Amino acid sequence: MHEIAVSFFDVVSAVGFTLAVAVALRIPSEVIAPVSRFLFVFALAIYAVVGVANVLEHAHITDYFDRYEDYLEILFPLTFTYFLYSVITHQELDRRKKAEMALNAALKKAEDAKARSDSVIEAIGDGICILNSDFRVLYQNRIHEDFMGQHSGEFCYNAFRNRDCKCENCSLTLSLNDGGVHMMERTAMKGDQIRDLEVTTSPLRDSAGRIIAGIEVVRDVTERKKFEDQLMQIRKMEAIGQLAGGIAHDFNNILTAVTGYGSILQNEVKDHEPLRHYVDLILEASKKLKKLTLGLLTFSRKQMIHPKSVALHNIIRNAVRLFPQPMGTAIDVKTELTDEALTVMADSDQIEEVLLGLAANAYEAMPDGGRLTLKTGRYEMDDAFIKQHGYGTHGSFAVITVTDSGIGMDEQTTENVFQPFFSTKETGEGTGLSLAIAYGIMKQHNGYITAESTPGKGTAFKIFLPLTDADA
Amino acid sequence: MFQESEIINLISGFVSVLLIRLIFMKKEMPRFRFLYTAFFCIISGYLFTILEGIGWHVFFNLLEHCSYAAAGLLFFISARSMRASPATTQESEHA
């Protein structure tokens with residue numbers, strides 16, 4: 001019975017260890033390293049052999065392996081202990097390697113996130129600066145450095161405003177105190193240009209919501225302000241035009257009655273009568289007023305025009321023939337007409353009136369003589385023109401450039417030159433309407449008129465008329 | 001009685017047990033529980049071999065062979081569980 005039990009246990013042992021060897025050979029490398037697997041299999045093989053040897057002995061087949069049992073059994077504890085040691089060592093190494101990989105991955109992720117946020121900050125188009133609660137500059141993006149210069153580590157009030165202490169009403173102070181967004185305006189020099197800047201400050205918070213620094217966003221609003229000024233100028237002209245037009249229209253009606261009754265009086269009062277002189281004065285004053293109101297109506301675009309397809313060069317030649325001949329001064333009038341035939345849809349009389357008005361102004365600007373040039377050409381109106389002037393439409397235009405070598409105008413005069421009743425002459429020497437009338441005529445023709453002048457060098461007026469494909 | 005090799009086996013076995021108990025078992029390898037138990041069965045077998053030489057020969061002899069049989073089965077189970085998918089193995093190792 002004892003022998004049977006022992007044999008049974010030996011068989012179980014032999015089978016168990018043999019199966020364990022077979023299975024252990026297939027343990028994947030991800031679980032234990034190949035070296036560890038070898039040691040494990042070797043340790044199991046020891047007792048597999050011992051088990052088989054015992055089975056063979058009990059079965060009285062052979063006891064050949066009995067003599068080696070002791071040596072094999074001595075190896076087992078050492079082999080198994082070393083197997084465990086190698087597993088743990090490899091696991092430690094594996095863990096360290098995985099931790100290192102995870103750390104590298106996290107670092108790379110952080111670097112990618114930083115690169116992404118840097119790209120976003122650079123792409124925003126505004127200058128961004130981060131300042132700490134001591135007002136020291138911690139970070140500036142490239143655009144901020146372009147505006148304000150590189151000032152990392154410096155106090156902002158010293159770096160940006162050349163001050164020794166904080167600015168009064170500093171929006172950054174307000175943002176750091178109340179956690180809100182605040183705005184202020186500032187100017188900066190970029191090269192030799194003064195740029196208008198809009199500065200918005202907001203707090204930078206940590207994950208717990210505490211304010212740890214301030215963010216300053218700087219936007220160049222120079223172009224926007226310029227555009228707003230241009231828009232305001234256009235609206236002003238429109239408003240003045242509407243007002244002038246309304247008044248002129250009513251004046252015209254009243255004037256018709258005055259002129260009419262004046263003519264009746266003129267017919268009734270004989271030449272030799274004393275009252276005849278006063279009647280003539282009344283009619284003369286009415287004529288002048290009529291001319292003034294017509295001018296205002298033209299400026300406000302309430303005057304009827306009769307456009308037709310005409311050759312521009314013909315208009316210019318006709319107008320030049322009508323230019324006044326000033327006494328005592330030598331003014332050289334020159335025309336430089338392009339070879340291209342330019343056909344425009346225009347009221348010839350109105351355009352001639354514009355050119356006559358410009359010529360009259362040019363003569364007055366050249367009291368000691370000079371040169372007046374009329375040049376024509378084709379102009380393709382593009383975004384650059386529209387951006388510069390604040391108005392315009394894309395398309396092909398005929399351009400007439402009227403240039404004089406007169407005394408020129410300063411910047412402020414040039415800006416206001418098309419306003420009605422604006423004049424640099426003495427009171428009574430002019431109505432100040434000729435250029436306003438020219439402006440109104442060009443607007444009615446869907447064209448434009450611009451002025452460029454340099455004091456002491458002369459003035460150039462450019463008239464833009466839309467070209468037409470119709471035959472002249 | 002007992003042989004010198006059996007004494008040596010027992011001593012080396014106990015040293016291994018100490019090493020395993022004091023160092024390796026602190027490394028949290030739950031998958032290796034069967035492994036340790038199987039090893040302790042082997043060491044128990046060594047002890048029973050010595051005790052068999054002192055007295056109760058039949059009883060301790062039976063126990064000795066029973067220990068080896070148990071060790072064989074436990075090693076087989078342990079090898080099988082280690083052969084489970086790496087994801088499962090890694091999850092339990094990190095548990």
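The chains referred to below are lettered A, B, ... by the order of the sequence lines, with proteins before strands, and numbering in each begins at 1. All values derive from a computational prediction rather than experimental measurement. For the numbers below, each heavy atom of this structure counts, side chains included, while hydrogens, waters and symmetry mates do not.
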Would you say the rings of F80(A) and F75(B) are close, in the sense that their centroids are separated by under 6.0 Å? yes

Minimum heavy-atom separation for E73(A) and Y68(B), please, with both atom names. OE2-OH, 4.1 Å

To the nearest 0.5 Å, atom CG of L25(A) lies from atom CZ of R83(B) at 10.5 Å

Flag yes if more than 12 heavy atoms outside Y157(A) fall under 6.0 Å of its OH atom; otherwise flag no. yes

Just by modelled atom types, is the A71(B) backbone N or O under 3.5 Å from a matching donor or acceptor in the Y47(A) side chain? no

Within the structure provided, determine whether S12(B) and F76(A) are in side-chain contact (heavy-atom separation under 4.5 Å). no

How far apart are the closest heavy atoms of F9(A) and H65(B), and which atoms are they? CB-O, 3.5 Å

So with a 6.0 Å cut-off around CD of Q150(A), is the heavy-atom count from everything else above 12? no

Given a strict heavy-atom distance threshold of 4.5 Å, which part of I77(B) is in contact with chain A: side chain, backbone, both, or neither? neither

Can you tell which part of F8(A) gets under 4.5 Å to a heavy atom of chain B, answering side chain, backbone, both or neither? neither

For atom CZ of R26(A), is the number of surrounding heavy atoms from other residues, nucleotides or ligands below 6.0 Å larger than 12? no

Listed partners of H144(A) passing ring pair (Phe, Tyr, Trp, His ring centres under 6.0 Å), at least two apart: F160(A)

Residues in salt bridge (Lys or Arg N to Asp or Glu O under 4.0 Å) with D112(A), at least two apart? K108(A)

Might you point out which heavy atoms bring F40(A) and M82(B) nearest each other, and give the distance in Å? CE2-CE, 3.5 Å

Most contact-rich option vs chain A, by heavy-atom pairs under 4.5 angstrom, among A79(B), G13(B), A38(B), is A79(B)

Checking heavy atoms, do the side chain of I74(A), its backbone, both or neither come under 4.5 Å from chain B? both

Assess whether side chain to side chain contact (heavy atoms under 4.5 Å, CB included) is satisfied between F39(B) and L84(A), documenting all intermediate values. CA-CA 11 Å; F39(B) 181 73; L84(A) 285 179; over 6 Å; no

Non-neighbouring partners of I121(A) that pass side chain to side chain contact (heavy atoms under 4.5 Å, CB included), sequence neighbours left out: I128(A), Y139(A), N141(A)

Winner by heavy-atom pair count (cut-off under 4.5 Å) against chain A, out of V58(B), I42(B), L73(B): I42(B)

Against chain B, residues from residues 10-23 of chain A with at least one heavy atom under 4.5 Å, in numeric order, are D10(A), V12(A), S13(A), G16(A), F17(A), L19(A), A20(A), V23(A)

